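Working notes for the structure below.
Quantities reported herein were computed from a predicted structural model and do not represent experimental measurements. All ligand and atom numbering here is 1-based and tracks the order in the structure. One-based numbering along the sequence shown.
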Amino acid sequence: MRYEPDLLLVNGNVITMDPAHPRATAVAVSGGRIAAVYDGRPETAETEAADVIDLKGATLIPGFHDAHNHMIGFGLTLTEVDLRVTSLDELYARIAERAETTPEGEWVVGSGYDQTKTGAHPHRDVLDRIAPGRRVWLKHTSGHMCVVNTPVLKDLGIDTEPEHVDGGRIATDADGRPTGLLEERAQELVGQLTQPFPLAALTDAVASAAGRYLGEGITSVTEAGVGGGWVGHSPVELAAYQAARDQGRLHVRVELMVAAEVLHTLGAHPGDGMELGLDLGIRTGFGDDWLRLGPMKIFTDGSLVGRTAAMSAPYAGQPDNSGYLQADAAELTARIVAAHRAGWRVAAHAIGDRAIDVALDAFAMAAEKYPRPDPRHRIEHFAASRPDQVLILPERQVMAVPQGRFATELGDGMMAAVGPERTPWLYRQRSLLDAGLVLPGSSDRPVADGAPLLGIHDMVNRRTASGAPFNAGEAVTAGEALRAYTYGSAYASKQEHVKGSIEPGKLADLTVLSEDPTAVSPDRIAGLEVVATIVDGEVRHALLPR
Ligand SMILES: [Zn+2]
């Protein structure tokens, strides 16, 4: 029988991530799947493909997969004021400019500021002056805090004095007057005013994020929390992804983590073990290759640069501050164990080593009480981890999901927060690989720039914005970083049997790079170009017209 693939990519430097066949030169695609991988020239009959692309020596890799990003959050930032600036003056100037074109009473929303770069958090009084009559909401780059102005504080009834917030804080000045800064779960207060977002806006955010992703070679993302808590935007958030897909605007494959707050008590038979979950018993794994439910996402603590993450010893220079957990340890544990029991995978955000202990203990309890094969639970960030915690991961079958790009964007602030003795604990990669773990690639976008080539660059180079080495002993090779952003992230989604490598039968999600990241000098990785992005066998981004 004559075999004619839909698409044939020839004359490439193909990096497959298949250990049995690591390099190849050509790939055939049929019906959205990889049909064949060739060394040398394909047979003449097979070259009669509907579409042939001559890669002219360019590098073909499995499509990039960001294992932890906030897709709608990022999509929304594309319309917000960009606050990635290095001084408060510039931040205020940008807000003032946007306020001029914003009607009174409406919102001015900005994102991406970092007080370790601007010198201080913005203050409500200045915001009131430069944006009179507008509601101002400025999101910290970590996502773990925000600043609002007086009209917003008034709406919330906290303009003159704060109220207690479990797992969060309303910051005040020396006189006890709120400054506008809301930490961690205190951010949910703003959510009372802004949420739920309309589905149409969320659908547009998904689509605009997807457009950016294609240009960066991303073919899959894992969205780190929808539907509730302070990371969610609407209780019907999943519908935005489904709408984008119906409209042909999803473009990349999405795994959705569900915010822990969304799981509720179910009236199932006690023998089912499904006390906690979503209606109908829908759980991790439901969906298809385009849109699928991932783990339950639970926050155990906050952030390092904000110095809210739960550490076992105080922050550098702050003897009274060791951060805090987002809820009581027993409560967090009970929720993790119940979700595990009901069949969910669990992704626990844990930054400080004390929070990591809580997550590891909860996973141990879950496995002991309700054993199941390969649960593949995850610890998101695993940011400041003690050596003993690294060694426990493989034994407990738990993955760590660190973010490479944090080196440049947050590295200086994180090192200052933990001090030199604990700097070797920060954002490990090498010691995870050495412990036998699979390393995924992720950005936590919009916390950091999510372009995978930037992430890979930082995973290899490990430098902060100021040029200082960032725990350089944890650097990995370009080949290991590339594997993380493809196979590693597929593994973190428990989808390595369908994607993450170029092998016959797998999804035809492919990215073409101008050069081979493993062959150029490490300082050039960030400058490589994404020449084309192919999802489901279809070219959805191409730098040059074909
Ligand atoms: Zn995140």
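The six-membered or imidazole ring of His65 lies away from that of Tyr485, with a centre-to-centre distance of 6.0 Å or more.
Only protein atoms were considered; those of element N, O or S under 2.8 Å from the Zn ion (ligand 1) number 3.
A cation-pi geometry, defined here as NZ or CZ lying under 6.0 Å from the six-membered ring centre and within 45° of its normal, does not hold between Arg396 and Phe363.
Between Glu255 and Arg253 no salt bridge is recorded (no basic side-chain N to carboxylate O distance below 4.0 Å).
Listed by first and then second residue, the side chain to side chain donor-acceptor pair (under 3.5 Å) pairs that reach into residues 345-359 are Ser312-Asp353, His349-His381, Asp353-Arg386, Asp357-Arg386, Asp357-Gln389, sequence neighbours excluded.
By the side chain to side chain contact (heavy atoms under 4.5 Å, CB included) test, Ala367 pairs with no residue at all, sequence neighbours left out. Under the side-chain hydrogen bond (donor to acceptor under 3.5 Å, both in side chains) criterion, Ser220 pairs with Lys499, not counting sequence neighbours.
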